[in-house]
Structure formats: C-alpha cells, structure tokens
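What follows is a single structure, written as structure tokens, with notes after it.
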Amino acid sequence: MLRGIRVAQGVLARALMAACQELADPAEQVREFRRVVDLLFAFMDAFSSRMTAEYSAEHDRWLTRGAAAREETVRAVLDGQPVREEAASELLAYRLEGRHLAVVAWCESPRRTPRAICNGRPHPAPPDACAR
C-alpha cells in the first residue's frame, strides 16, 4: 500500500511538473514549480495520514475479531460445549486432542484478593487457600 502511494506521488509530480513546463510562462515556472511541490506535499501528507488512520483502525478491528473468536472458543471448550476440534485447534494455535493438565496458581498481593479460576471464570479463593 505504501509503495503504491509513493509511486502515485511520483507519477503525479512528473505530470504536474511537465504541465508547468509546458503551460507556465518561463518567468513564472520556478514559482509554479514551488507551488506544485507545496500543494503536492500537503496533499500527500494529508492523504497518507488518513490512509494510516484507516489502516490502523482496520488492523485493530481485525485483531479484535480474532481475539473475540479465540475467547469465545476457549469459553466453549471450558464450558464443555461442542466445538469442531480441528477448527478450534487451528484458531487457537493449540492442539486440543489428547489429555491436558491445568494448574491454577495465585499468591497474595497487597493490592488484590487471592482468586482462583473455575470453569474459565475467576472466583474468590477460600480464606485459608494460601496457607495450604
């Protein structure tokens, strides 16, 4: 995409410079060349800024869709809902077949109450959990 913008800028610059050379009075050509350059750079700056914003927004939407789909799949697996194993494995980049071992660990923190994970959702840990 960026290369296309640069190529288009070059083609447009050459065409505008050729038009200035052909149409402008020789005494005014330098001033007109400068004007074309200023206008072209201002346009390309605004255009590329807009393109960057649109690309970033679309990229964020793409990432969000993927994250949402992965979260939905993980929740379905943890909740015991039926999932297409091959598709879920591909989406999660993690093989689902076979046996899996999970460990839940936490520690006390002055800022947070200990929590455990049960069925994929956080739950308060028992008061004596850290003493065990």
Side-chain angles (χ1 to χ4, degrees):
M1 178 175 68
L2 294 177
R3 185 175 188 294
I5 292 171
R6 288 191 306 270
V7 168
Q9 181 180 6
V11 168
L12 185 56
R14 282 190 294 282
L16 291 173
M17 293 298 179
C20 276
Q21 195 169 17
E22 182 181 326
L23 301 173
D25 185 277
E28 296 293 314
Q29 282 183 351
V30 170
R31 186 173 67 78
E32 291 301 318
F33 285 150
R34 285 188 181 139
R35 185 168 170 250
V36 164
V37 168
D38 289 345
L39 290 171
L40 185 58
F41 275 103
F43 170 77
M44 293 309 294
D45 184 49
F47 180 75
S48 60
S49 293
R50 178 71 189 265
M51 289 296 294
T52 300
E54 289 296 324
Y55 178 84
S56 294
E58 181 58 31
H59 185 256
D60 290 346
R61 284 190 294 274
W62 179 78
L63 288 177
T64 302
R65 277 192 304 269
R70 286 187 297 278
E71 181 180 351
E72 183 180 338
T73 301
V74 167
R75 289 205 180 278
V77 168
L78 293 175
D79 289 344
Q81 296 174 5
V83 294
R84 290 184 20 240
E85 189 176 292
E86 188 176 316
S89 292
E90 186 175 322
L91 177 65
L92 299 173
Y94 183 81
R95 291 178 34 207
L96 296 179
E97 72 270 3
R99 294 186 57 153
H100 298 273
L101 174 65
V103 175
V104 176
W106 67 90
C107 66
E108 284 192 47
S109 168
R111 294 187 198 126
R112 296 185 64 180
T113 303
R115 299 186 73 76
I117 303 295
C118 180
N119 290 328
R121 293 183 180 83
H123 289 277
D128 62 339
C130 291
R132 293 183 194 173

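Owing to the predicted nature of the structure, the values given are computational and were not obtained by experimental measurement. All heavy atoms count here, side chains included; hydrogens, waters and symmetry mates do not. Position 1 is the first residue of the sequence; numbering continues from there.
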Verify the cluster assignment for F41 and F43: are they in a single hydrophobic cluster under the rule of side-chain heavy atoms below 4.5 Å apart? yes
If you group Ile, Leu, Val, Met, Phe, Trp and Tyr by side-chain heavy-atom gaps below 4.5 Å, do L96 and L78 land in one group? yes
Rounded to the nearest 0.5 Å, what separation is found between the CD atom of E54 and the OG atom of S49? 12.0 Å
Between E97 and H100 the two heavy atoms that sit nearest each other are O-NE2, 3.5 Å
In terms of side-chain geometry, is the basic nitrogen of E72 or R75 positioned less than 4.0 Å from the acidic oxygen of its partner? no
Is it true that a side-chain atom of D79 and a backbone atom of Q81 form a donor plus acceptor pair closer than 3.5 Å? no
Return yes when atom CD of E28 has more than 12 non-hydrogen atoms of other residues, nucleotides or ligands closer than 6.0 Å, and no otherwise. yes
Separation of L63 CG from E58 CD (nearest 0.5 Å): 10.0 Å
One should read off an interatomic distance between L12 CG and L39 CG, to the nearest 0.5 angstrom, of 10.5 Å
Heavy-atom pair with the smallest gap, counting every atom of Q29 and C20: NE2-O, 3.8 Å
Would M17 and V37 count as a side-chain contact (heavy atoms from CB on, under 4.5 Å) here? Give the steps. CA-CA 9 Å; M17 293 298 179; V37 168; 3.2 Å; yes
With the 4.5 Å side-chain cut-off for hydrophobic clustering, are V83 and L91 part of the same group? no
Starting from L40, can I reach V30 by hopping between I/L/V/M/F/W/Y residues whose side chains sit under 4.5 Å apart? no
Any chance you could measure R95, atom CZ, to E85, atom CD, to the nearest 0.5 Å? 9.5 Å
From CA spacing to verdict: side-chain contact (heavy atoms from CB on, under 4.5 Å), R65, W62: CA-CA 5 Å; R65 277 192 304 269; W62 179 78; 3.9 Å; yes
Is R50 atom CZ crowded by more than 12 heavy atoms from other residues, nucleotides or ligands, each under 6.0 Å away? no
Let me confirm one number: the CG-CZ distance from L16 to R35, rounded to the nearest 0.5 Å. 10.5 Å
How far does CD of Q9 sit from CZ of R14, to the nearest 0.5 angstrom? 10.5 Å
Counting only heavy atoms not in E90 (residues, nucleotides, ligands), do more than 12 fall under 6.0 Å from its CD? no
